[in-house]
Every structure is written in C-alpha cells, then in structure tokens.
> 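One structure coming up, written as structure tokens, with questions to follow.
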Amino acid sequence: MKTFYSDDKTTQIVLSLLKAHGIRKVIVSPGTTNIALVGSMQYDSFFELYSSVDERSAAYMACGLAYESGEAVVLSCTEATASRNYFPGLTEAYYRKLPILAITGTHGSYEVGHLKPQVINRSIAPLDTVRLSVDLGKCKDENDEWSINTKANMAILELTRKGGGPAHINLAFSCNSYNTKELPVTRVIRRYSMGDDLPNLPEGRIAIFVGSHKLWTKEELMTIDAFCANHNAVILCDKTSGYIGKYRIDYSLVAAQMLYSSSTSRPDLLIHIGEVSGDTYTQSRLKPKVTWRVNTDGDIKDTFRSLNNVFDMPEKSFFTYYANKNIDKKEEYFQVCQNEYDLIASRIPEVAFSNIWIAQRLANKIPAGSYVHLGIFNSLRSWNFVQLPSNIYSICNVGGFGIDGTLSTVLGASLTYPQKLHFVILGDLAFFYDMNSLGNRYIGNNIRVLLINNGLGIEFRKYDHPCAKFGENAEPYMAAAGHFGCQSRTLVKDYISNLGFEYLTASSKEEFLDVYKKFIDPQMMSIPVVFEVFTNSKDESDAVNDFRHIVREHILELKSKMKSFAKYIVKR
C-alpha cells in the first residue's frame, strides 16, 4: 500500500519546519510511537535516513555526523528506556555544542504516572544534556497549532543559538493514517544576530510597540526617531514605555474603544521591543501581518502570534542598521494615528469621581522632572488613558504584575534621586499590602502617595471583568471587600500621621479641587505626603465604561473623517 505523510497535524508541523530550516539528516531507532514521523520521512526524499537499533549508539553516531557534516542531525526513537539511552550522547553533544535534535515519541504526557506500559516521565532532563526541551502536545484547534508551531521553532532555533547545542522535542503519537500528499505551509521563525545577512523591511505601515523599558539614552531616542522619520512608522506606548520622542502615540485610548475597530491597529510590520506591558487594550487590538522582536535576550516571545523574525541585538544597533534602508519619508501612518487619537480625545466625557477623573485633572499638572509610579491595575489603566508631559517619567511594576511592593519600589527609587519628587498612585489593597514600607527610616520628603480608596479590588467589580456577572456577590471573596477598616476615615490618617507624614483627603470632586494643589506643589516639603481619596466601585466602573465607549454615536463620523484624512495624506 502506498503511503504519504502522516495525517497527524502535529507531526506535519514538525516535518514542515525541519524542511524549512534545512534539517535533513536523521538517525532512526525502531519503535511504535515514532512511526508517524519516520513513516512520513521515508516517503519524502528530502530526508536522509540512517538506522540504529541501539539508541545510545545512535546518539553518538549523531555526534560524529553533526561534527563532520557541520549540519544539524535529528534523532528519532520511541518511548520508555529508549529515550533514556540518548543521555550519554546528548551529554557529549551538550559540552561540544553539537546541533542534535532528539525527537522522542510518546503516548502523551497525560498518561504519565498511571502505570501505563512504557510511559515514563520525561518532563525534566539532566541540565547538561539538552539546552531546551519542549512537549508539543496534540493539535486540536488553532491555539494548539500556534503553540506547537512556536515550541517547535524554539527547539530548532536552539540548536544554533549562542554557540549551539542539543535540544529535545516530545512528540505525541496519535494518528496512524498516511493520506496527506502535501505538508501544510507553517510559520517559520528565524533568529538574526549582528553580522548576519538581515532581511529587508516589508513595504507599508510600520508600528513599534514598546513594552516596559529600561531608561532610554539620548542616542537610543535619536536612533529610533531617525528610523521612524524614514519609514512611515509610529511608536505605540503606555506609561511604562519611557519613550518621549516625536512619534509617540498613547494608543490605549484608541484601542480601548469597544465599538470602533481602527485600521491603524493592523500594521504591515510590528517591531516589538521592551518587556511586559500593562497596556492590555493595545495588545489585544493589534493585529499585525508580521512581527519582528528586537531584544538582546534573543528569545522567542510571540506576544502578537505573528512573530517570524527575532533580532538578537541591541535596539540601537537594529534601528541604526535599518534607518537608511528602503527610505519612505511620508509619515502618513503617524499623522493618521495622531489625528485619530486627537479626534477621540476631543470627545472625552465628564466622568464620575474616580481614578480616571483624577488622572484627567492631574496629568498635565505634575511638576516637571518628577517620577510617577502607578499601581496595578486600575491606576495604570486609568493613567494610560491620559497624556503626561514629556518631562515626566512614569513607571509601574508590570514584571510580576502583582499589587505587592509598589510603595517599596517607590522608596528604593526615591533614594536614587532624593532631589526629585516621586509620586505614586495606587489602590487601597495595594496600599495596605505594602504599607509597612512607609515606616522605613529612609522614607524621604520627596515621596507623595495618592491613595484611591474604593474599599475593595475594583478590578473585580468593573463591568467588563468576568466577575461582573456575580454582581455584589463578587465583593466578599473575589474583590476582597470589607478589609482594612471598610474605608475608615481615620485608619490611614492616624497611621501615617504617627509616622510623620502630612495627610490630605477628599471624597468628592469639589473637595479634591480644593486640596490637590498642595499635593502637586513643585516645592519640596519638609515631610512626605499621603493624599487619601475615597471613591466607590460603581463610579470607578462607570468611568471605565464611559472611556471605552467614547466612540459611540460619533462612530460613523469618526470613520468618515479618518478615511478622508488618510486620502489627504496619501495625496500629499
């Protein structure tokens, strides 16, 4: 009977990627759980197969073959002790940095530990046998397909990364039919370093998404601005990005609109720099055709599920290289994005007394040269909706993305720059979580705390949170209401007054407007300040809802204006 490729989707993805990456040499040992892979390779003359009964011998054969040929070599075996016998040869490969990819068959990790014959636990390998081990699982839907493709690319790229070495793929056996005549086209991810022949920039709109970012140098800012000026590019930022140049767009306000899907969210190329971002609205809305990630870690981090190139190099080197390649100076994309933002911002409604309302009143009044620290998550979200002056530096603990440690982080930062004001805006749960840090003897008079006390975790009472369906029943456990004095008017006041802070408070818009100027006084006071503002969960949720529906009855008008403006820019 004539056979073709296995009908198993996971196996097809692996085969397609091996061919795309030019990996043809394979040493095969007999078994059952690897027959879908081996049977498919036998059918395809691209693959150069060798047989070895002894897996220990096969691994050492791979060492010799990889070393002499200078090519990557695949090992294929079945489950149980067969795969264990690879370890001596893989250890040799590890210390000699030989590109050997062990693909071990398995019945599936879900059967591990249930006394199934031959099923062993391969979740952990000795540290000096493989550089990376991935378990692909079975392909049941689009999410599985993305995950399998990404993991397989990671394992293959690890063979040559930073000097190279062995890697491991655990491949589940789930299909023993062979009717597929052509392999599917699957995404190939490439990694580039300085000195490589780098790919050309694609034509069209280019967006640069900046996650949380270290402090920018003047040279880095000049380099990225020069790139944008020459490539019809725009830089999408939030309050952790740190970029303050000409091409910045605070895109969260646009991306948050529930009833408006903008063409600006679909760039031809997205260049992803920085680390974790707290701008979930922009991340969920961006649908780039292609993503390039630029980072010195060289890791595959496919935030937007369209990654095809990773550049293992400093951002400055990347943007310097591409700045004068395929120049396109029209700046159409930036102007369209800026006009879109301005149109939406011009329709911002008056909202209830809330974190968002406070952000609107304070954003352009923070003293020049100050640092603004934002708590997770409502404070960061609220302040992402507004623009800060370019002479203000904002930051948030989005690395671990937890509510703990915000005040302690501000304390540490304030010690580095004691001559600069450090403002922190956070909710009550985050405040009480870390309030002991305010008693630290190093607390200086350059710290000013804005506590938004709404009595619970407002994140879990927002109208668009999964907890919303529980209504008030979400409060006692999910939103942790009722702790810390139930919005006591004296608890925080007494605590921080005894620690030597000045205490300010407000419970309405009118009270806030009477008090806030002292909180943002640019002159250094003799003691630190805590400004406690009392809001409620309904007003906070309503404010978020209003900001996410700015484009409502004006949606057709906005789309018409954006279309006309885009045509005008193109004609120019």
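All figures in this text were calculated on a predicted structure; none of them were measured in a lab. Throughout, numbering of the chain's residues begins at 1 and tracks the sequence.
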> Has Asn397 got a side-chain atom pairing as donor or acceptor with Ile403's backbone, closer than 3.5 angstrom?
no
> Kindly say whether Ser379 contributes a backbone atom to a donor-acceptor pair with the side chain of Ser382 at under 3.5 angstrom?
no
> Should Phe431 and Glu532 count as side-chain neighbours, where that means a heavy-atom distance under 4.5 Å?
no
> For a 4.5 angstrom cut-off between non-hydrogen side-chain atoms, does Ile224 reach Ile273?
yes
> Please check this pair: side chain of Ser241 against backbone of Val210, looking for a donor-acceptor N/O pair closer than 3.5 Å.
yes
> Is any side-chain heavy atom of Val188 closer than 4.5 Å to one of Leu17?
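Yes, side chains in contact.
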> Suppose we call two aromatic rings close when their centres sit under 6.0 Å apart. Are Phe353 and Phe534 close by that rule?
no
> Is there a side-chain contact between Trp383 and Asn355, using heavy atoms and a 4.5 Å cut-off?
yes
> Do you see a donor-acceptor pair shorter than 3.5 Å between the side chains of Arg381 and Asn378?
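There is such a pair (donor and acceptor under 3.5 Å, judged by atom type) between the side chains of Arg381 and Asn378.
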> Taking all non-hydrogen atoms of both residues into account, name the closest pair between Thr291 and His272 and its distance.
CG2-CB, 4.1 Å
> Report yes if the side chains of Met478 and His465 come closer than 4.5 Å at any heavy-atom pair, otherwise no.
no
> Hey, could you give me the CD1/NZ distance between Ile395 and Lys214, rounded to the nearest 0.5 Å?
13.0 Å
> What orientation do Phe401 and Phe377 show, parallel under 30°, tilted 30 to 60°, or perpendicular over 60°?
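Phe401 vs Phe377 ring planes: perpendicular.
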> Does the plane of the ring in Trp292 sit parallel, tilted or perpendicular to the ring in Phe318? Use 30° and 60° as the thresholds.
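Rings of Trp292 and Phe318: perpendicular, as their planes differ by over 60°.
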> Any chance the rings of Phe531 and Phe512 have centres within less than 6.0 Å?
yes
> Determine whether the side chains of Gln335 and Asn339 contain a donor N or O and an acceptor N or O closer than 3.5 Å.
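No, Asn339 and Gln335 have no side-chain donor paired with an acceptor closer than 3.5 Å.
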> Donor-acceptor check, side chain of Tyr192 to backbone of Gly195, threshold 3.5 angstrom: yes or no?
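The answer is no, because no donor-acceptor pair under 3.5 Å joins these two groups.
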> Is it the case that more than 12 heavy atoms not belonging to Met435 sit under 6.0 Å from its CE atom?
yes
> So, the side chain of Arg448 versus the backbone of Phe519: is there a donor-acceptor pair under 3.5 Å, distance only?
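Confirmed, Arg448 side chain pairs with Phe519 backbone.
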> Are any non-hydrogen side-chain atoms of Ile249 and Gln338 less than 4.5 angstrom apart?
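Side-chain contact under 4.5 Å: yes.
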> Answer yes if the ring centres of Phe304 and Phe209 are under 6.0 angstrom apart, and no otherwise.
yes
> Measuring from atom OG1 of Thr186 to atom CG of Asn153, what distance do you get when rounded to the nearest 0.5 angstrom?
7.0 Å
